[in-house]
There are 2 protein chains.
Amino acid sequence: MNTIPRDTAHCPVRKAMNLIGSKWKVLLLENLRDGRKRDGELKRLLPDISEKVLIQELKDLVASGLLTKHAYPEIPPRVEYELTDSGQQALPIVDSLVAFGKQHLAA
Amino acid sequence: MNTIPRDTAHCPVRKAMNLIGSKWKVLLLENLRDGRKRDGELKRLLPDISEKVLIQELKDLVASGLLTKHAYPEIPPRVEYELTDSGQQALPIVDSLVAFGKQHLAA
DNA sequence: TGCGGTGCCTACCTCCAGGTAAGAAACATT
DNA sequence: AATGTTTCTTACCTGGAGGTAGGCACCGCA
């Protein structure tokens, strides 16, 4: 008897990893925790992420329902991304990751 | 001014991801939370992981100081893996991932 | 008229996590 | 002998995450 399902369809860990387990998603969530930010702003905060991947990850997060995208039809265009309630529910993960990471940076 | 360093050497999130961000490590920690287990036992609990990767991940976790390996010089050989204190400190991450994952499996 | 900022897209490529397959050491059991 | 059990290793290969490079639309401004 398995109390812990392992397949993607039923395993919570797998599901969570699929949603935010990529290289940059957690850092994006972390940077958005204190309010909505523009695409360029995020790019500035995460200089090492490529333009392509940034847009792609943001799109994924929006599709997953963790972010909301606000597009303003101005010139030049302005776009802002914001955590949804679902996105906020991921913050404990960010917190525990940060805590754990700090612990191991010190050591 | 960046309050959040992003490079692997100083970013807590990155550090944490490097330690347990692979496909199976979190699931291994989860399965070891209730006590030490043998290699074959873990293999049985995680049928989809390949032998090679299982050993490799366990070796990584031991090298990272999250697991302890107990080898008994018996025939046939017996090996047990156990969470260290550092490993236990990763459990909040597992918990928050599970909580978040469950939330999104329901939806 | 050319340049800069902004958000986004496309083609292309590299690298490596992770899979498969096979086997080795060492004994116990049949 | 022959086969099984258990831990672990090696060689090989593939898919896909993520990087690079470049272009597009739109306008303001010098």
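Below, all heavy atoms of this structure are taken into account, side chains as well, without hydrogens, waters or symmetry copies. Reminder, nothing fancy here: chain letters follow the sequence lines and each chain counts from 1.
- For A:P76, whose side chain is taken as the heavy atoms from C-beta onward, the closest listed nucleotide among C:dT6, C:dG7, C:dC9 is C:dT6.
- Between D:dG19, D:dT6, D:dC8, one nucleotide has an atom nearer to the side chain of A:W24 than all others, and that is D:dG19.
- Residue B:Y81 places at least one side-chain N or O under 4.0 Å from the OP1 or OP2 atom of D:dC8.
- Proximity of A:K23 to the phosphate of D:dG19: a side-chain N or O atom is located under 4.0 Å from OP1 or OP2.
- Of the charged side-chain nitrogens involved, at least one lies within less than 4.0 Å of a carboxylate oxygen, so that B:E57 and B:K25 count as a salt-bridged pair.
- OP1 or OP2 of C:dC9 sits under 4.0 Å from a side-chain N or O of A:K59.
- Only one option out of A:L27, A:L45, A:L42, A:L66 pairs with A:L32 in a side-chain contact (heavy atoms from CB on, under 4.5 Å); it is A:L42.
- Salt-bridge annotation for A:E51 and A:K43: present, with a side-chain N of the basic residue lying under 4.0 Å from a carboxylate O of the acidic one.
- Residue A:E57 places its side chain closer to D:dG18 than to any other of D:dT7, D:dG18, C:dG19.
- For C:dG7, one of the phosphate oxygens OP1 or OP2 lies less than 4.0 angstrom from a side-chain nitrogen or oxygen of A:R38.
- Which of C:dG19, C:dT10, D:dC8 sits closest to the side chain of B:K52 comes down to C:dG19.
- Residue B:K69 is in sugar-phosphate contact alone, with no base atom involved, counting any heavy-atom pair closer than 4.0 Å across all strands shown.
- Each of D:dT7, C:dC8, D:dG18 was ranked by its minimum atom distance to the side chain of A:V53; first place goes to D:dG18.
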